[in-house]
J.: 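One structure, as structure tokens, below. Some questions next.
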Amino acid sequence: KVRYAAAAEQHAALAGARADDAYKAEQFRRAAGFHRKAGNAAAGLAALEKAAAVPNLPDEVSGPVWADYADGLLAANRPDDALGAFRRALGTAGPASTAARHKLARNLIDARDPRKLPLGLELLTQIASAERVSPAEQEFHEKALVELADEAVLAGDFPGAESRLRTQLR
């Protein structure tokens, strides 16, 4: 744990050493990961807050930052703040948006709250029905198809489950 804490401090120092905003945000995000591995979730969340506060980030940097920040907020039992961070992650382009959409969908579905389940299924449907899927998004696309089929089986909709699974095989 001591090595992880030292690595986190090094990445935080690197973030302050350069003026490049994308580099700075990425270093804070890496520092947060090392803080979490060192068992210091609060310091990890603080590093993610610094990363999220960096202005004018490109989507390929801000998407993962906001997705990780949402995870940290959920771990800190701050679901309302996490929802805002998920919204920011979903607003980015690329694989980070798809990953955030999938994570939010799973959280909503796994809660098994009848009020949250439809939104979780809708998010999975958005992923599954994407017409163009990049290689980085392929895993989430396939998971969404299988998870929607699983939910259809649980609901007793066997033809719907079969349809989803056939779509995956194409």
Side-chain angles (χ1 to χ4, degrees), residues 22 25-37 41 44-54 57-170:
E26 183 59 26
Q27 293 307 312
F28 279 130
R29 189 172 83 82
R30 289 180 182 180
F34 284 117
H35 278 303
R36 284 193 306 270
K37 287 181 179 180
L45 187 58
L48 287 169
E49 285 174 355
K50 290 177 184 177
V54 175
L57 293 175
D59 284 351
E60 61 270 8
V61 176
S62 67
V65 165
W66 283 106
D68 287 354
Y69 187 44
D71 285 343
L73 290 167
L74 282 175
N77 200 23
R78 295 171 48 191
D80 293 338
D81 293 334
L83 186 57
F86 271 122
R87 283 188 181 128
R88 294 289 298 265
L90 293 175
T92 63
S97 174
T98 304
R101 183 172 276 109
H102 183 267
K103 180 172 278 298
L104 180 57
R106 284 298 348 148
N107 284 332
L108 293 170
I109 291 168
D110 292 344
R112 287 297 175 205
D113 182 337
R115 297 169 296 162
K116 297 177 182 177
L117 188 62
L119 177 57
L121 293 175
E122 175 57 31
L123 290 170
L124 284 181
T125 301
Q126 290 173 11
I127 297 168
S129 62
E131 292 183 21
R132 292 185 314 182
V133 179
S134 72
E137 297 169 309
Q138 186 67 38
E139 175 188 356
F140 296 107
H141 185 260
E142 291 176 8
K143 282 182 178 181
L145 288 167
V146 171
E147 290 167 2
L148 283 168
D150 186 48
E151 291 298 324
V153 167
L154 290 174
D157 179 14
F158 300 110
E162 180 183 8
S163 172
R164 289 290 184 190
L165 293 173
R166 286 187 186 279
T167 302
Q168 184 190 17
L169 294 175
R170 287 187 214 154

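Since the structure is predicted, the reported quantities are computational estimates derived from the model, not experimental observations.
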J.: Can you tell me how far CD of Glu139 sits from NE2 of His102, rounded to the nearest 0.5 angstrom?
T.: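 With rounding to 0.5 Å, NE2 (His102) is 8.0 Å from CD (Glu139).
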J.: Please confirm whether the backbone N or O of Ala89 pairs with a side-chain atom of Thr92, one donor and one acceptor, at under 3.5 Å?
T.: yes
J.: Side chains of residues 26-34: which donor-acceptor partners sit under 3.5 Å, not counting sequence neighbours?
T.:
| residue | atom | partner | partner atom | Å |
| --- | --- | --- | --- | --- |
| Glu26 | OE1 | Arg29 | NE | 3.3 |
| Glu26 | OE2 | Arg29 | NH2 | 3.2 |
| Glu26 | OE2 | Arg30 | NE | 3.3 |
| Gln27 | OE1 | His11 | ND1 | 2.6 |
| Arg29 | NH1 | Asp68 | OD2 | 2.7 |

J.: Between Phe86 and Asp71, is any pair of side-chain heavy atoms under 4.5 Å apart?
T.: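 They are in contact (side-chain heavy atoms under 4.5 Å apart), so the answer is yes.
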J.: Evaluate Tyr69 against Leu45 for side chain to side chain contact (heavy atoms under 4.5 Å, CB included), listing each step before the verdict.
T.: CA-CA 7 Å; Tyr69 187 44; Leu45 187 58; 3.6 Å; yes
J.: Is a side-chain N or O of His35 found less than 3.5 angstrom from the main chain of Ala41, in a donor-acceptor match?
T.: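 Not at all, since once roles are kept as given, no pair shorter than 3.5 Å links the two residues.
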J.: Taking atom CZ of Arg112 as the centre, does the number of heavy atoms from other residues, nucleotides or ligands within less than 6.0 Å exceed 12?
T.: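 More than 12 within 6.0 Å, yes.
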J.: Examine distances only and state if a side-chain atom of Ser97 and a backbone atom of Ala93 form a donor-acceptor pair shorter than 3.5 Å.
T.: no
J.: Does Thr167 reach the main-chain N or O of Ser163 with its side chain, forming a donor-acceptor pair under 3.5 Å?
T.: yes
J.: How close do Leu90 and Ala100 get, counting heavy atoms only, and between which atoms?
T.: CD2-C, 4.0 Å
J.: Just how far is it from atom CD1 of Ile109 to atom CG of Leu148, taken to the nearest 0.5 Å?
T.: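 The distance works out to 7.0 Å.
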J.: Got Glu162 and Leu165 here, is their nearest side-chain heavy-atom distance under 4.5 Å?
T.: no
